[in-house]
Amino acid sequence: GMWSQVKCSSEEEEFEGICYEKCSTLTKGQMPYRLSSVACCKFPGQAACHNLQNSVVNINLDKSQDLSNALPHAPYMRPETD
């Protein structure tokens with residue numbers, strides 16, 4: 001089949017060119033916006049996230065969805081069916 005652009009899986013989000021498991025999944029929807037490799041925020045944009053009530057920083061956020069390799073990774077070539 002046709003191959004689309006290099007991209008993350010539907011269960012992941014891309015941040016600075018790397019695929020991570022979605023913050024929304026990792027935080028059960030509480031902090032859906034990725035701020036860094038280890039931080040998720042309640043709101044988009046850095047300003048609101050400086051308030052610690054609006055963000056969570058946890059080394060366990062630094063992972064991807066891929067079961068064979070739980071480390072963040074560069075996007076893969078994926079078939080368009082994903």
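- Residues Leu35 and Phe15 come closest through the heavy atom pair O-CZ, 3.2 Å.
- For the side-chain contact (heavy atoms from CB on, under 4.5 Å) with Tyr20, the lone residue among Ser37, Cys8, Ser36 that qualifies is Ser37.
- Expressed to the nearest 0.5 Å, how far CD of Gln53 lies from CE of Met31 amounts to 9.0 Å.
- Among all heavy-atom pairs drawn from Tyr33 and Phe43, the shortest one is CD1-C, 3.3 Å.
- Proximity of a side-chain donor or acceptor of Asn54 to a complementary backbone N or O of Cys49 within less than 3.5 Å is not detected.
- In this structure, Ile18 and Glu13 have side chains that are not in contact, with every pair of non-hydrogen atoms separated by 4.5 Å or more.
- Separation of atoms CZ (Arg34) and SG (Cys40) is listed at 4.5 Å; rounding is to 0.5 Å.
- Distance check: Ser9 OG to Glu21 CD gives 9.0 Å after rounding to the nearest 0.5 Å.
- Cysteines Cys41 and Cys23 have SG atoms no closer than 2.5 angstrom.
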